[in-house]
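On a predicted model such as this, the values are computed, not experimentally measured, just so you know. Lettering follows sequence order; numbering is per chain, from 1.
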Amino acid sequence: MLDVDFIVGNVDVVKRAIDVKGVDLDLDHLLAKHEEVKAILIEVEDLRHERNVLSKQTGKADESERQQLIKESRSIGSKLKEKEPGLREKQDELRELLLLVPNIPGDDEPVGPGEESNVELRTWGDKPEFGFEAKDHVELLELHDWAVASIGNLAGSRSYALRGELALLEMSLWRFALDYMVKQGFTAVALPSFAREAALVGTGHFPGSREEAYELEDDLFLSGTSEVGLNYLRSGEILSPSDLPVRDAGFSTCFRREAGAAGKDVRGLLRVHQFYKVEQYVCCVPDREESNRWFEALLANAEALVQALELPYRLVRLSTGEMGAGKVRTWDIECWLPSANEYRETHSVAEFYDWQARRADLRYRDEDGRVRYLYTLNNTAIATPRILAQLLEVHQQEDGTVRMPAALQPYLDGLEVLGAASAD
RNA sequence: GGAGGGGUGGCAGAGCGGACGAAUGCGACGGUCUUGAAAACCGUUGUGCGUGCAAGCGUACCGGGGGUUCGAAUCCCUCCCCCUCCGCCA
């Protein structure tokens with residue numbers, strides 16, 4: 001969410017953001033609604049003031065005046081009863097509109113509607129050159145009996161069940177990433193996957209991507225990222241400078257309906273409904289340079305992790321149409337997937353400034369005593385099972401075994417190669 | 001699932017229809033005193049919105065929402081959260 005006063009004072013800037021981000025929103029309608037709310041609010045507050053004055057007098061008045069005062073108050077009361085519901089309704093409508101206003105994209109981010117406008121910033125590592133017929137990750141899973149083939153009967157399409165070494169590998173990755181984050185000064189937080197609507201509005205996932213979330217009974221949803229929980233932990237509090245920056249490494253099971261991805265990536269581990277994520281989350285003082293430093297730190301953490309996994313990747317700067325409504329900028333790390341002969345997203349760094357903080361009510365009191373909204377950022381640390389696809393494919397060997405990067409071996413009881421027992 | 005008790009300012013805790021944005025204590029901040037500190041004493045100390053250049057003024061908020069009333073922290077309805085006991089259970 002943006003500050004209304006900012007919107008009013010920067011109509012062109014906001015309109016441009018709506019345009020380049022491809023958001024369906026009529027800003028003039030919002031501005032008119034805002035004016036309308038203000039006008040009614042002034043009327044209603046005047047009436048309330050009159051009523052308060054009369055009521056106060058009524059309490060002190062003697063019986064002779066009392067009836068007259070009550071009569072006057074009643075007439076104001078009935079006027080208020082006419083106007084108040086309309087005010088409430090219009091305020092709600094305004095809030096709904098404000099929730100749709102996108103953040104202003106950073107000046108240096110590429111402008112364009114989609115993927116084709118993304119800009120590759122750099123690559124790291126060499127794509128593997130196999131001197132043999134390389135397998136894709138699904139073939140490797142089958143070869144070693146690392147996944148239950150008929151799992152769809154249990155949990156539907158886009159589900160998976162890992163077995164044996166792969167099940168252990170998946171869990172090793174979580175711990176590997178968490179340990180790394182803790183070493184960087186982050187606090188590990190194990191989070192629920194459940195979230196109330198307000199928390200999903202808080203991150204910006206609602207109302208825009210409501211259809212992506214599984215809705216449960218009891219007013220709960222399954223969240224698609226631990227960011228939802230992390231971002232809401234301090235909602236409504238006013239933090240002090242000593243609480244900052246908040247640096248959390250969240251872990252949770254994540255659920256996504258993949259409503260907009262029908263028929264895409266149905267095979268294998270690339271796009272499943274239930275997955276796991278270690279998430280980096282930072283909440284810092286509202287300062288763009290500070291935010292930029294954290295953006296770079298979160299990016300560096302992610303790069304260090306994929307480098308330790310020895311996965312070739314590229315860094316992509318997402319275009320305005322791709323970055324998401326709430327973001328100032330989003331940069332993705334895409335790891336090389338040999339079977340697809342392309343890079344596939346594994347990490348996504350996002351910077352919000354105070355857009356999320358306004359929604360989730362994250363504030364602090366600065367050194368001068370002013371209450372201000374904070375800035376938030378987040379990035380993936382590791383998300384499984386997707387990255388298993390790259391890990392298996394990139395590190396596969398001619399005999400079908402899979403070499404494990406040295407950084408991961410301590411988490412696998414020293415195992416250097418997976419699949420040795422089942423390989424020919 | 002059953003029974004009961006609670007949600008009030010940074011914290012503790014009073015208030016249960018008008019003088020209440022809210023006693024009191026603690027904490028925090030500023031000052032006096034002191035070589036310095038502590039203690040003591042004095043003062044300040046919630047948030048949102050509207051309006052205004054500002055000082056200020058107005059309005060709303062005592063878990064959320066709705067209602068009764070001239071007037072609600074206080075009464076009613078409803079939802080949420082927390083605690084205790086019983087049952088069940090990983």
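For the C1' atoms, the distance from B:U47 to B:G63 is 15 Å, rounded to whole Å. Taking atom P on both nucleotides, B:A3 is separated from B:U8 by 25 Å, rounded to a whole Å. Taking atom C1' in both B:G25 and B:G15, the straight-line distance is 15 Å, to the nearest Å. The same atom, C1', is picked in B:G30 and in B:U69; the two are 44 Å apart, to the nearest Å. Comparing the C1' positions of B:G9 and B:G21 gives a spacing of 9 Å, expressed to the nearest Å. Rounded to a whole angstrom, the distance from the P atom of B:A72 to that of B:G66 is 14 Å. Here, B:G64 and B:C11 have their P atoms 14 Å apart, quoted to the whole Å. For the C1' atoms, the distance from B:A28 to B:C85 is 40 Å, rounded to whole Å.
Counting any heavy atom pair closer than 4.0 Å across all strands shown, A:I42 reaches sugar-phosphate atoms only and no base atom. When heavy atoms are screened at a 4.0 angstrom cut-off, A:V371 is found touching the sugar-phosphate backbone but no base atom. Nucleic acid contact class of A:L41 (heavy atoms, under 4.0 Å, all strands): sugar-phosphate only. A:K71 comes within 4.0 angstrom of nothing in the nucleic acid, heavy atoms only. Within 4.0 Å of A:S73, counting heavy atoms only, lie sugar-phosphate atoms of the nucleic acid but no base atom.
Picking from B:U47, B:G66, B:C70 the nucleotide with the shortest atom distance to the side chain of A:I238 gives B:U47.
Across all strands shown, B:G1 forms a Watson-Crick or G-U wobble pair, both distances under 3.5 Å, with B:C86. Base pairing of B:U74 is not made with any nucleotide, judged by Watson-Crick or G-U wobble geometry with both donor-acceptor distances under 3.5 Å. The partner of B:C33 is absent, by the rule that a Watson-Crick or G-U pair needs both atom distances under 3.5 Å. Judged by Watson-Crick or G-U wobble contacts below 3.5 Å, the nucleotide B:U44 has B:A28 as its partner. As the counterpart of B:U69, no nucleotide is assigned, since no Watson-Crick or G-U wobble pattern has both distances under 3.5 Å. Under the Watson-Crick and G-U wobble criteria, each requiring two contacts below 3.5 Å, nucleotide B:C62 is left unpaired. Under the Watson-Crick or G-U wobble criterion, with both distances below 3.5 Å, B:G56 is paired with B:U51. A 3.5 Å limit on both hydrogen-bonding distances identifies no Watson-Crick or G-U partner for B:G17.
In terms of modelled atom types and a separation under 3.5 Å, the side chain of A:E279 and the main chain of A:S226 share no donor-acceptor contact. Counting only distance, with no hydrogens or angles, the side chain of A:Q356 and the backbone of A:G202 share no donor-acceptor pair below 3.5 Å.
Rounded to a whole Å, the CD atom of A:Q91 is 10 Å from the P atom of B:G50. Atom pair A:E217:CD and B:C79:C1' shows a separation of 17 Å (rounding to whole Å applied). Residue A:R372 contributes atom CZ, which lies 13 Å from atom P of B:G48 at whole-angstrom precision.
The shortest distance between side-chain heavy atoms of A:Y313 and A:E334 does not fall below 4.5 Å.
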Which pairs, protein N/O on one side and nucleotides 55-59 of chain B N/O on the other, fall under 3.5 Å?
residue, atom, partner, partner atom, Å
B:G58, O3', A:H49, ND1, 2.8
B:G58, N2, A:E45, OE1, 3.0
B:G58, N2, A:E45, OE2, 3.4
B:U59, OP1, A:H49, ND1, 2.9
B:U59, OP1, A:N52, ND2, 3.2
B:U59, O2', A:E45, OE2, 3.3
B:U59, O2', A:R48, NH1, 3.3

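Between A:R365 and B:A28 there is no side-chain polar atom (N or O) within less than 4.0 angstrom of OP1 or OP2. In this structure, A:K38 reaches the B:U51 phosphate: one of its side-chain N or O atoms is under 4.0 Å from OP1 or OP2.
The CD atom of A:Q91 lies 10.0 Å from the NE2 atom of A:H34; values are rounded to the nearest 0.5 Å. Note: A:T253 OG1 to A:L222 CG = 9.5 Å, rounded to the nearest 0.5 Å.
Within 6.0 Å of OH on A:Y214 lie more than 12 heavy atoms contributed by other residues, nucleotides or ligands. For A:E289, the CD atom counts as loosely surrounded, since its 6.0 Å shell holds 12 or fewer non-hydrogen atoms of other residues, nucleotides or ligands.
The aromatic rings of A:W174 and A:F251 sit tilted relative to each other, their planes meeting at an angle between 30° and 60°.
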TODO: Just do the side chain to side chain donor-acceptor pair (under 3.5 Å) check on A:S235 and A:D361 with the steps written out, would you?
DONE: CA-CA 5 Å; A:S235 173; A:D361 195 22; 5.3 Å; no
